[in-house]
Every structure is written in C-alpha cells, then in structure tokens.
Amino acid sequence: TGSDGQVLTSAGAGAVCAFEAVAPGSLGAAVRRSSTLAVAGTTQVELVFNTEDYDVGSKYNTSTGRYTPGVAGTYFVSYGITLDPGASFAETDLTYMKIRLNGAGKEYGQIGLGGNGNGNLGFSSNTILTLDDDDYISLWCYIANANGGDLVSQQSGWSVFRII
C-alpha cells in the first residue's frame with residue numbers, strides 16, 4: 001500500500017502499478033463568480049466563488065469558498081477581484097481583500113483601496129504558501145462603507161496551484 005498523500009500511477013501496459021508522490025502542478029483550482037455577489041459592509045466577509053473552471057481532485061468547496069489541498073506542499077495563490085462599491089463610496093471608505101489561512105490568524109496578499117464614488121475598484125495580489133494537507137485557504141473582503149458593495153460576476157475570481 002502507499003503512504004498518505006501518494007497516488008496510484010500506471011507503470012505502463014502489463015506492468016505493476018506504483019504508489020508515487022503527487023507531482024507539482026497536478027493539484028489546483030481556478031474559481032470565479034457566475035453571478036454578482038453582494039458583500040455586506042463594515043464586517044469581514046469570507047467570499048464564496050460558485051463556479052469552478054478548474055479543480056483537480058475537487059479540493060475547492062463552492063458552498064464555503066474554501067480550498068483544502070489534501071496534500072501538503074507549497075502552493076501559489078492569486079486573485080483578481082472587481083468590486084462595484086456603489087455611488088455612496090467615499091474616499092475614506094477603506095476596502096481590502098486578503099487570503100486567510102484556516103479562517104483566522106495568518107493573512108496574506110492583502111491589498112486595500114479607498115473609494116471615490118466613481119466606478120469599480122480592482123484588486124489583485126498573489127502569494128506562495130506552505131500548506132499542510134488539512135489546512136484551508138479562502139479569500140476575505142472588508143468594506144468600510146455600511147452599504148457594502150457587489151463583486152462583479154465573472155470578473156472576480158482566484159486560483160491556487162501546487163508548485164512543490
């Protein structure tokens with residue numbers, strides 16, 4: 001039998017199969033919104049992306065917005081978000097996006113912007129994380145304006161890929 005984190009691979013026609021480590025790049029997900037997502041204001045919100053464009057091993061949960069790798073390793077994480085804050089978004093209304101490890105504590109790739117009331121805001125960032133098999137990562141948002149805002153559908157998403 002294999003060890004935890006290994007996969008069964010073919011050694012070719014007529015040969016005995018072998019257990020091997022999962023190859024870098026063979027795990028990952030790319031997710032996005034299929035429709036606009038209303039985001040509440042003045043509270044940190046864990047964002048849920050409901051459409052998987054790519055998800056090897058079904059590691060992304062479209063109900064919770066969390067990616068749990070199932071295999072320890074080093075992962076590249078990237079996001080691109082378009083937010084429509086509405087016309088009442090003032091320059092003093094700070095908004096930020098960030099990647100969180102296990103829901104609290106460590107945060108990565110945070111970027112913040114103030115409003116201008118004149119259109120959409122764009123956020124993008126990336127990071128490299130070392131994850132255990134049972135860790136999870138998710139994308140979080142905070143909007144200082146009590147009215148909140150909307151993630152623009154299909155222009156907002158994030159991806160994660162195992163690199164080592």
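Taking OG1 from Thr95 and CD1 from Ile143, the interatomic distance works out to 5.0 Å, rounded to the nearest 0.5 Å. Ile164 contributes atom CD1, which lies 8.0 Å from atom CD1 of Ile128 (distance to the nearest 0.5 angstrom). A distance of 8.0 Å separates SG in Cys141 from CD1 in Ile81, rounded to the nearest 0.5 Å. One finds the OG1 atom of Thr51 at 7.5 Å from the CD atom of Gln154 (value rounded to the nearest 0.5 Å). In this structure, CG in Leu151 is found 11.0 Å from CG in Leu121, a value given to the nearest 0.5 Å. To the nearest 0.5 Å, the span separating CZ on Phe123 from OG on Ser156 amounts to 10.0 Å.
Partners of Tyr96 according to the ring-ring contact (aromatic ring centres under 6.0 Å, His included) rule, which considers only residues two or more places apart in sequence or in another chain, are Tyr142. Considering only residues two or more places apart in sequence or on other chains, Gln155 meets the side-chain contact (heavy atoms from CB on, under 4.5 Å) condition with Thr82, Val152. In this view, Asp53 and Arg32 satisfy the side chain to side chain donor-acceptor pair (under 3.5 Å) rule, not counting sequence neighbours. The salt bridge (Lys or Arg N to Asp or Glu O under 4.0 Å) test applied to Asp132 returns no partner, not counting sequence neighbours. Every residue was checked against the salt bridge (Lys or Arg N to Asp or Glu O under 4.0 Å) condition with Arg33, not counting sequence neighbours, and none meets it. Considering only residues two or more places apart in sequence or on other chains, Val77 meets the side-chain contact (heavy atoms from CB on, under 4.5 Å) condition with Ile99, Thr127, Leu129, Ile137, Trp158, Val160. The salt bridge (Lys or Arg N to Asp or Glu O under 4.0 Å) search around Lys98 returns Glu107, not counting sequence neighbours.
Residues Leu131 and Leu101 have side chains in contact (heavy-atom distance under 4.5 Å, counting atoms from C-beta outward). Counting heavy atoms from C-beta outward, Val39 and Leu47 have side chains that approach closer than 4.5 Å. The side-chain heavy atoms of Tyr136 and Asn102, taken from C-beta on, include a pair separated by under 4.5 Å.
Note on Tyr54: it does not cluster hydrophobically with Val48, by side-chain heavy-atom contacts below 4.5 Å among ILVMFWY residues. Note on Leu83: it clusters hydrophobically with Val45, by side-chain heavy-atom contacts below 4.5 Å among ILVMFWY residues. Residues Val71 and Val56 share a hydrophobic cluster, clusters being chains of Ile/Leu/Val/Met/Phe/Trp/Tyr side chains in contact below 4.5 Å.
For residues 138-153, the set of pairs meeting the salt bridge (Lys or Arg N to Asp or Glu O under 4.0 Å) definition, not counting sequence neighbours, is empty. For residues 54-83, every residue pair satisfying the salt bridge (Lys or Arg N to Asp or Glu O under 4.0 Å) rule, not counting sequence neighbours, is listed here: Glu46-Arg66. Applying the side-chain hydrogen bond (donor to acceptor under 3.5 Å, both in side chains) test to pairs two or more places apart or on separate chains, none has a residue in residues 67-79.
For the residue pair Gly65 and Ser138, the shortest heavy atom distance occurs at O-CB, 3.5 Å. Residues Ser35 and Ser153 come closest through the heavy atom pair C-CB, 3.2 Å.
Listed for the Asn50 side chain is a donor-acceptor partner under 3.5 Å among the backbone atoms of Ser34.
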